[in-house]
**Student:** 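Below is a structure I'd like to ask you about.
So you know, we letter chains A, B, ... as the sequences are listed, proteins then strands, and number each from 1. Remember, it's a predicted structure, so these values are computed and weren't measured experimentally.
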Number of protein chains: 2
Amino acid sequence: MEIIIDIDNSVPLFAQLMTQIKEAVLRDRISPGAALPSIRQLANDLELNNKTVAKAYRLLERDSVIQTKGYRGTFVHPDAKVNCTVDLNEWVTTKLGETIAAFRESSVTDSEIRIAFGNVMNSRNN
Amino acid sequence: MEIIIDIDNSVPLFAQLMTQIKEAVLRDRISPGAALPSIRQLANDLELNNKTVAKAYRLLERDSVIQTKGYRGTFVHPDAKVNCTVDLNEWVTTKLGETIAAFRESSVTDSEIRIAFGNVMNSRNN
DNA sequence: ATATGACCCATGTGTAGTAATGGTACAACA
DNA sequence: TGTTGTACCATTACTACACATGGGTCATAT
């Protein structure tokens, strides 16, 4: 598995990592069920911080592309190939776009939309 | 019509102005159809910039609380009292809240929601 | 002992957006 | 000429957040 991280690229490092792992799965360079390098080891190989790799892993696990099994390490999810094609961000962007388009139809200011958005995001209970 | 602007208040000046004009209408301190001070004059009285007052007026007109008639000045909208109670922001907040709640249900990160939001807001053509 | 993922504390840098300010200019009227 | 709302140019201060980094700790296992 050859992963290349470009620090000069504007794409966030953790995103670059996610993309390349997904592509490796899609192109059969890693098989479902196979073990992935540990967070610390991969961070060391790529000269990244643990947290950066951990963030990529965490998001990949949420997307069911990989599975973390605690002390046993991290593995490619059985249904990884299918889940790689499911783009969560795309669905979010589309759904959000429709909602915002409706606001603009009612001639709501972009400023007001941003303020309302900020309020909603900050007034959560968790 | 007594309007008091508090510079030390965190509420934006234009928003303070909007609120107080709306309240003046609701409490019958200005009648529908009555003339409002001109932008420049009100800015002078309250020691605000023209643009700040103009912004408040522009938004109030969009909400059909006031009517600007070009060189003839600005007047309280005939249906001002009804339109004052219609809170556009509330509808936006509610609608946006539902959408975002759905995202969180799908365990989408707040970061991702914010990024998607930023993309949608910036990728418009006007 | 050693390694795993996960969690807490925190800092620094860069970007983006808001709010408010100023100046200048315009067409439409009295 | 003077006033109306409106439009454009611009800058300053402030806030919020993303990203990445660092140190430290924890339970769970081999």
Side-chain angles (χ1 to χ4, degrees), chain A residues 5-18 35-44 46-62 66-75 89 100 109-124 126, chain B residues 5-18 35-44 46-62 66-75 89 108-124 126:
Chain A
I5 299 296
D6 180 11
I7 317 181
D8 297 330
N9 195 319
S10 65
V11 176
L13 303 183
F14 80 93
Q16 292 184 37
L17 188 50
M18 287 181 67
L36 285 163
S38 78
I39 290 180
R40 288 176 177 82
Q41 184 182 331
L42 188 55
N44 203 46
L46 301 177
E47 294 180 330
L48 294 177
N49 189 282
N50 293 345
K51 315 300 179 68
T52 306
V53 178
K55 182 175 184 177
Y57 272 29
R58 189 184 342 120
L59 290 174
L60 285 173
E61 185 180 28
R62 186 209 50 190
I66 66 178
Q67 274 181 326
T68 67
K69 304 190 175 182
Y71 56 92
R72 265 163 287 153
T74 306
F75 303 86
N89 284 359
I100 292 178
T109 301
D110 277 14
S111 267
E112 291 171 310
I113 298 178
R114 285 204 172 87
I115 292 175
F117 177 80
N119 290 339
V120 173
M121 294 299 286
N122 290 337
S123 71
R124 75 185 174 288
N126 63 355
Chain B
I5 300 295
D6 180 11
I7 317 180
D8 296 330
N9 194 320
S10 65
V11 177
L13 305 181
F14 79 93
Q16 292 185 39
L17 187 50
M18 287 180 66
L36 285 163
S38 77
I39 289 180
R40 288 175 180 79
Q41 184 182 331
L42 188 55
N44 202 46
L46 301 177
E47 294 180 330
L48 294 178
N49 190 283
N50 292 345
K51 317 299 181 66
T52 306
V53 179
K55 183 175 185 177
Y57 273 28
R58 187 180 349 116
L59 290 174
L60 284 173
E61 186 182 27
R62 187 208 51 189
I66 65 177
Q67 273 181 328
T68 68
K69 304 190 174 181
Y71 55 91
R72 265 165 287 154
T74 306
F75 302 86
N89 285 359
V108 179
T109 301
D110 278 12
S111 267
E112 291 172 311
I113 298 178
R114 286 204 175 88
I115 292 175
F117 177 79
N119 290 338
V120 173
M121 295 298 285
N122 289 336
S123 71
R124 73 185 174 289
N126 62 356

**Student:** Nearest whole angstrom, please: distance from the P of dT2(C) to the CD of Gln41(A).
**Tutor:**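 The answer, rounded to whole Å, is 16 Å.
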**Student:** Determine: side-chain N/O of Thr68(A) to OP1/OP2 of dT4(C), distance under 4.0 Å, yes or no.
**Tutor:**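 It does not, given that no N or O in the side chain of Thr68(A) lies less than 4.0 Å from OP1 or OP2 of dT4(C).
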**Student:** For the side chain of Ser111(A), starting at C-beta, report the closest nucleotide among dA20(D), dG5(C), dT18(C).
**Tutor:** dT18(C)
**Student:** OP1, OP2 of dT4(C) versus side-chain N and O of Ser38(A): anything below 4.0 Å?
**Tutor:**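 Yes, because at least one side-chain N or O of Ser38(A) sits under 4.0 Å from OP1 or OP2 of dT4(C).
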**Student:** Calculate the interatomic distance between Asn50(A) atom CG and dC9(C) atom C1'; express it in whole Å.
**Tutor:** 16 Å
**Student:** Round to the nearest Å and state the distance from Asp110(B) atom CG to dA16(D) atom P.
**Tutor:**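 After rounding, the reported distance stands at 16 Å.
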**Student:** Taking only the side-chain heavy atoms of Ile115(B) (C-beta and beyond), determine which of dA20(D), dA6(C), dC19(D) contains the nearest atom.
**Tutor:**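 So the nucleotide nearest the side chain must be dC19(D).
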**Student:** Round to the nearest Å and state the distance from Arg58(B) atom CZ to dT4(D) atom C1'.
**Tutor:**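 Distance, rounded to whole Å: 16 Å.
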**Student:** Would you mind reading off the distance between Met18(A) atom CE and dA20(D) atom P, rounded to a whole angstrom?
**Tutor:** 12 Å
**Student:** Do Phe14(A) and Leu59(A) have side chains that approach each other closer than 4.5 Å (heavy atoms only, starting at C-beta)?
**Tutor:**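 Yes - at least one pair of side-chain heavy atoms lies under 4.5 Å apart.
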**Student:** With a 4.0 Å cutoff (strictly under), does any side-chain N or O of Thr74(B) reach OP1 or OP2 of dT4(D)?
**Tutor:** no
**Student:** Between the main-chain N or O of Val11(B) and the side-chain N or O of Gln16(B), is there a donor-acceptor pair closer than 3.5 Å?
**Tutor:** yes
**Student:** Side chains of Leu17(B) and Leu42(B): closer than 4.5 Å at any heavy-atom pair?
**Tutor:** yes
**Student:** Judged by atom type as modelled, is there a donor-acceptor pair below 3.5 Å linking the side chain of Glu112(A) to the main-chain atoms of Asn89(B)?
**Tutor:**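 No, the answer is negative, given that no donor and acceptor are paired below the 3.5 Å cut-off.
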**Student:** Can you find a side chain N or O atom of Asn122(A) that sits less than 4.0 Å from OP1 or OP2 on dC17(D)?
**Tutor:** yes
**Student:** Can a donor-acceptor pair be found, under 3.5 Å and without considering hydrogens, that links the side chain of Asn122(B) to the backbone of Gly118(B)?
**Tutor:** yes
**Student:** Counting side-chain heavy atoms from CB outward, which of dT21(D), dG5(C), dC19(D) is closest to Tyr57(A)?
**Tutor:**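 Among the listed nucleotides, the one closest to the side chain of Tyr57(A) is dG5(C).
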**Student:** Check the phosphate of dC19(D) against Lys55(A), side-chain N and O only, distance under 4.0 Å to OP1 or OP2. Yes or no?
**Tutor:**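 Checking dC19(D) against Lys55(A), a side-chain N or O does come within under 4.0 Å of OP1 or OP2.
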**Student:** Roughly how many Å is it from CD in Gln67(A) to P in dT4(C), rounded to a whole number?
**Tutor:**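 Value for this atom pair: 18 Å.
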**Student:** Could you check Glu47(A) against Glu61(B) and say which one's nearest nucleotide on DNA chain D is further toward the 5' end?
**Tutor:** Glu61(B)
**Student:** For Glu61(B), is there an ion pair with Lys69(B) - N to carboxylate O distance below 4.0 angstrom?
**Tutor:** no
**Student:** Would you mind telling me which of dT21(C), dA20(D), dG5(C) lies closest to the side-chain atoms of Leu13(B)?
**Tutor:** dT21(C)
**Student:** Measuring from Gln41(B):CD to Leu46(B):CG, what's the distance to the nearest 0.5 Å?
**Tutor:** 10.0 Å
**Student:** Taking only N and O in the side chain of Asn49(A), is any of them less than 4.0 Å away from OP1 or OP2 of dG22(D)?
**Tutor:** yes
**Student:** Using whole Å, what does the distance between atom C1' of nucleotide dA30(C) and atom NZ of Lys69(B) come to?
**Tutor:**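 Rounded to whole Å, this separation is 17 Å.
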**Student:** Would you indicate which nucleotide in dA19(C), dA18(D), dA20(D) comes nearest to any side-chain atom of Arg114(B)?
**Tutor:**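 The answer is dA18(D), which lies nearest to the side chain.
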**Student:** Rounded to whole angstrom units, what separation is found between the CD1 atom of Ile39(A) and the P atom of dG22(D)?
**Tutor:** 16 Å
**Student:** How long is the straight-line distance from NZ of Lys55(B) back to CG of Leu13(B), given to the nearest 0.5 Å?
**Tutor:** 10.0 Å
**Student:** Listing time: all N or O pairs from protein to nucleotides 24-30 of chain D that are below 3.5 Å?
**Tutor:**
none

